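Since the structure comes first, as structure tokens, the remarks are kept for the end.
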There are 2 protein chains.
Amino acid sequence: MDEKSGGLAGITVGETAISTVGKKGKGLTYRGYSIEDLANHARFEEVAYLLIHGTLPTKVELNTYKKRLIQGQSLPIAICRVLEQLPVKTNPMDVLRTAVSTLGCLEPESLRHTAEFIADKLMSFCVSSLLYWYAFQTNDQHLTVISEQNSIAGHFLYLLQGHVPDAEFRKALDVSLILYAEHEFNASTFAARVCTSTESDFYSAIVAAIGTLRGPLHGGANEAAMKMINQYDDVPSAEAGTRLLLEQKAVVMGFGHRVYKESDPRTSIIKPWAKKLADRFGDPKKFLIAEAIERVMWDEKKIFANLDFYSALVYFYLGIPTSFFTPLFVISRLSGWTAHIREQRANNRLIRPLADYIGPDPRPYVGISERT
Amino acid sequence: MDEKSGGLAGITVGETAISTVGKKGKGLTYRGYSIEDLANHARFEEVAYLLIHGTLPTKVELNTYKKRLIQGQSLPIAICRVLEQLPVKTNPMDVLRTAVSTLGCLEPESLRHTAEFIADKLMSFCVSSLLYWYAFQTNDQHLTVISEQNSIAGHFLYLLQGHVPDAEFRKALDVSLILYAEHEFNASTFAARVCTSTESDFYSAIVAAIGTLRGPLHGGANEAAMKMINQYDDVPSAEAGTRLLLEQKAVVMGFGHRVYKESDPRTSIIKPWAKKLADRFGDPKKFLIAEAIERVMWDEKKIFANLDFYSALVYFYLGIPTSFFTPLFVISRLSGWTAHIREQRANNRLIRPLADYIGPDPRPYVGISERT
């Protein structure tokens with residue numbers, strides 16, 4: 001094996017028509033549209049539709065799509081019973097992994113429940129499952145999970161806050177969902193494609209992707225970034241702490257990227273939203289600490305902040321518990337995963353690579369009484 | 001992308017010290033021991049220990065390991081409550097995926113519940129979960145899942161049959177578990193490694209692997225093979241039916257292999273067990289039908305029967321429901337998956353490949369009122 005191919009870095013393993021990531025070191029397009037245009041002009045539901053269906057929806061298509069998303073807000077009673085069994089300390093990513101796996105038992109993929117039908121359901125379903133579980137385990141409350149909000153961001157904030165959300169807050173969350181929606185052959189998407197390549201079902205692929213996104217080297221990075229920001233009380237301690245991490249050669253979460261080499265095009269979109277929320281709340285401290293970390297990382301190492309870093313701050317200002325950050329990434333990325341599962345199915349070949357063997361040479365069997 | 005690299009066929013993506021598959025077109029070793037030696041001389045528990053720990057266990061180590069396996073037979077009450085929510089028609093693979101995901105909520109990986117601890121638990125746990133669910137949904141029975149059998153095959157047959165199993169039946173199942181235990185970078189193992197590469201937890205990797213194994217191009221093949229065998233009433237209809245499938249260029253399940261080119265070394269081990277059970281029951285019909293299919297496939301296409309084909313027959317003669325065939329593959333392969341997760345962790349790099357872009361060129365955004 002070529003040393004460079006560890007982790008398949010830089011190795012092309014297939015084709016996609018869904019997105020471009022990091023062409024000439026930067027840049028991100030979904031189905032040919034720049035991420036800047038989509039974040040500035042579209043709503044998340046248009047972007048999800050675009051990713052899954054290949055075209056931006058007309059007004060009629062978007063309205064139909066939003067109606068289906070609202071229909072997906074309700075939870076089967078069996079799901080509620082299962083969620084009630086999951087302890088309050090459970091990692092919310094494990095809650096989502098289990099909820100989706102259970103739904104796959106109750107409403108398996110079929111001619112009636114097609115992949116497209118399930119995909120439309122899962123975004124709302126994951127929001128409802130997460131907040132139902134949270135309300136039950138923290139307040140012993142059987143939360144009413146039908147918000148009638150016609151956006152995923154609105155549905156999430158409504159269930160979290162208990163009222164129709166502020167329009168600017170909804171928009172801030174919406175933009176972050178757009179930015180998180182799709183990213184080519186990242187690890188979770190690749191896991192979904194590997195699963196799909198065996199002709200397994202839609203739920204199994206999504207469950208594999210959720211479990212993969214969970215790791216701190218992938219989706220878990222936004223939570224890790226927030227925990228790091230939270231360690232510092234002021235700008236000087238953030239600067240000193242970051243320098244210390246660099247001296248210790250520790251991984252600083254929320255910085256750099258396997259594919260982007262010069263910058264993450266999503267950072268310059270999400271950072272102003274973090275600033276806007278900091279200003280609105282008159283609470284700039286976390287933002288200034290974050291900027292201090294970003295400045296040290298750039299000055300010392302020329303490593304840029306990625307999407308996870310300032311998304312974490314947006315979520316913080318929106319009052320979202322840190323452990324929900326990666327679940328929000330799931331809820332958004334469901335759209336990209338769905339697009340990739342469909343694409344894999346349309347031109348499938350079993351993904352089954354090889355390994356170089358570096359283990360023991362052939363050796364004779366030793367009976368149990370002769371083993372030492 | 002090189003056309004040949006579709007599905008990463010023939011592409012080496014990493015290193016392993018766990019097994020060799022198909023060197024010079026055939027042959028399988030686990031940690032240097034030939035599959036023939038292991039199937040002839042070892043019990044499954046020794047093989048699982050070998051795969052996970054790298055050496056065959058001493059008597060003391062094996063006894064300790066078996067005690068841990070017996071300890072894993074019990075089910076947390078929350079697992080029973082969750083299993084009771086899963087309808088009788090659920091695919092048993094979805095039951096296992098959900099049970100393992102739920103256990104990850106109840107007993108998450110930690111310094112106390114290490115990967116090794118969880119791995120030792122999961123094999124017995126999966127047997128108990130599957131049979132508890134089955135008894136509850138088919139007979140409304142709260143099955144006692146502690147069999148005290150000190151082998152996985154014995155535990156499974158005890159819970160299925162309700163009594164201490166016949167020694168030859170236990171041995172037949174044991175051999176099939178040895179043969180299914182490990183197979184290098186197959187799709188489910190690769191999915192587990194992709195998941196692990198993000199530094200996600202042990203359960204997430206296993207859940208990803210279960211979902212991936214589920215597909216008919218992978219673990220699902222043994223069930224598909226049985227369904228095909230069941231379609232025929234006698235040898236002539238099996239021969240004619242197989243020829244027809246070949247004429248239609250249909251995929252015949254249980255034949256050929258991505259890596260093995262000449263033969264599957266496991267087939268010549270499992271086939272005599274199918275014959276032995278057929279003779280013992282004085283019921284050779286299914287065996288003769290299977291041999292007829294195998295003969296036509298070889299005569300017409302020089303395609304060999306793989307492990308799944310005759311394993312299916314062994315399970316049939318043991319009275320195991322067809323929908324449990326792939327779950328048995330899970331229970332065995334947990335050992336190989338565990339070995340690979342540990343190996344991936346010991347020398348980890350995020351698995352994040354690239355894709356060639358074949359989608360639309362960059363295009364200007366179109367507002368919703370202008371879309372047609």
Side-chain angles (χ1 to χ4, degrees), chain A residues 1 6-8 11-17 20 32-33 37 41 56 58-59 78 81-82 85-86 90 94 97-98 101-102 104-105 184-185 187 190-191 194-195 198-200 204 207-208 211-212 214-218 258 349-360 362-363 365 368 371, chain B residues 1 6-8 11-17 20 32-33 37 41 56 58-59 78 81-82 85-86 90 94 97-98 101-102 104-105 184-185 187 190-191 194-195 198-200 204 207-208 211-212 214-218 258 349-360 362-363 365 368 371:
Chain A
M1 186 193 64
L8 289 171
I11 307 292
T12 298
V13 303
E15 296 178 333
T16 187
T20 63
Y33 298 105
D37 277 348
H41 303 301
L56 284 164
T58 63
K59 263 186 196 162
R81 292 299 89 79
V82 168
Q85 298 295 331
L86 310 183
T90 305
D94 298 347
R97 191 188 63 209
T98 304
S101 184
T102 305
C105 300
E184 206 220 32
F185 278 22
F190 188 51
V194 171
C195 181
T198 70
E199 295 185 0
S200 193
S204 289
V207 167
T212 305
R214 182 187 190 283
L217 297 188
H218 192 10
R258 167 71 67 87
R349 190 167 184 209
L350 177 69
I351 298 177
R352 201 295 184 201
L354 297 177
D356 275 337
Y357 182 65
I358 55 167
R363 45 180 167 169
Y365 186 75
I368 191 159
R371 291 174 206 156
Chain B
M1 187 193 62
L8 289 171
I11 307 293
T12 299
V13 302
E15 296 177 334
T16 187
T20 63
Y33 298 105
D37 277 347
H41 303 302
L56 285 165
T58 63
K59 262 185 195 163
R81 294 298 89 79
V82 168
Q85 298 295 330
L86 310 182
T90 305
D94 298 347
R97 191 188 64 209
T98 304
S101 185
T102 305
C105 300
E184 204 220 33
F185 278 23
F190 189 50
V194 171
C195 181
T198 71
E199 296 185 359
S200 193
S204 289
V207 167
T212 304
R214 183 188 189 283
L217 296 189
H218 191 9
R258 167 71 66 86
R349 191 166 183 208
L350 177 69
I351 298 176
R352 201 294 184 200
L354 296 176
D356 275 337
Y357 182 66
I358 55 167
R363 45 180 168 169
Y365 186 75
I368 191 159
R371 292 174 205 158

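Quantities reported herein were computed from a predicted structural model and do not represent experimental measurements. So that the names make sense, note that chain A is the first sequence line, chain B the second, and so on, each numbered from 1.
Interface remark: of the candidates B/Ala208, B/Ala187, B/Ala78, B/Ala17, B/Ala17 forms the most heavy-atom pairs closer than 4.5 Å to chain A. Taking chain B as the reference chain and counting heavy-atom pairs below 4.5 Å, the highest number among A/Pro353, A/Ser200, A/Cys105, A/Ser204 is found for A/Pro353. Each of B/Ala191, B/Gly104, B/Gly359, B/Cys195 has some count of heavy-atom pairs under 4.5 Å with chain A, and the biggest count is that of B/Cys195. In terms of heavy-atom pairs under 4.5 angstrom with chain A, the leader among B/Lys59, B/His218, B/Arg214 is B/Arg214. Here B/Leu350 is the residue among B/Asp94, B/Asp37, B/Leu350 with the most heavy-atom pairs under 4.5 Å with chain A.
Atom-to-atom distance recorded for B/Glu184:CD and A/Leu354:CG is 5.5 Å, nearest 0.5 angstrom. Atom CG in A/Leu8 sits 6.5 Å away from atom CG in B/Leu8 (nearest 0.5 Å). Rounding to the nearest 0.5 angstrom, the gap separating the OG1 atom in A/Thr20 from the CD1 atom in B/Ile358 is 13.0 Å. Distance check: B/Phe185 CZ to A/Ile351 CD1 gives 14.5 Å after rounding to the nearest 0.5 Å.
Applying the side-chain contact (heavy atoms from CB on, under 4.5 Å) criterion to B/Arg363, with sequence neighbours excluded, gives A/Arg31, A/Tyr33, B/Pro360.
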- For the pair B/Gln85 and A/Thr102, evaluate side-chain contact (heavy atoms from CB on, under 4.5 Å) and give the outcome as yes or no after the intermediate values. CA-CA 9 Å; B/Gln85 298 295 330; A/Thr102 305; 5.7 Å; no
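Heavy atoms only, all atoms of each residue included: B/Thr212 and A/Thr198 are closest at O-OG1, 2.8 Å.
Contact annotation for B/Arg258: only side-chain heavy atoms (C-beta onward) come within less than 4.5 Å of a heavy atom of chain A.
No donor-acceptor pair under 3.5 Å is formed between the side chain of A/Thr58 and the backbone N or O of B/Arg371. Judged purely by atom type and a 3.5 angstrom limit, B/Thr98 uses its side chain to pair as donor or acceptor with the backbone of A/Ser101.
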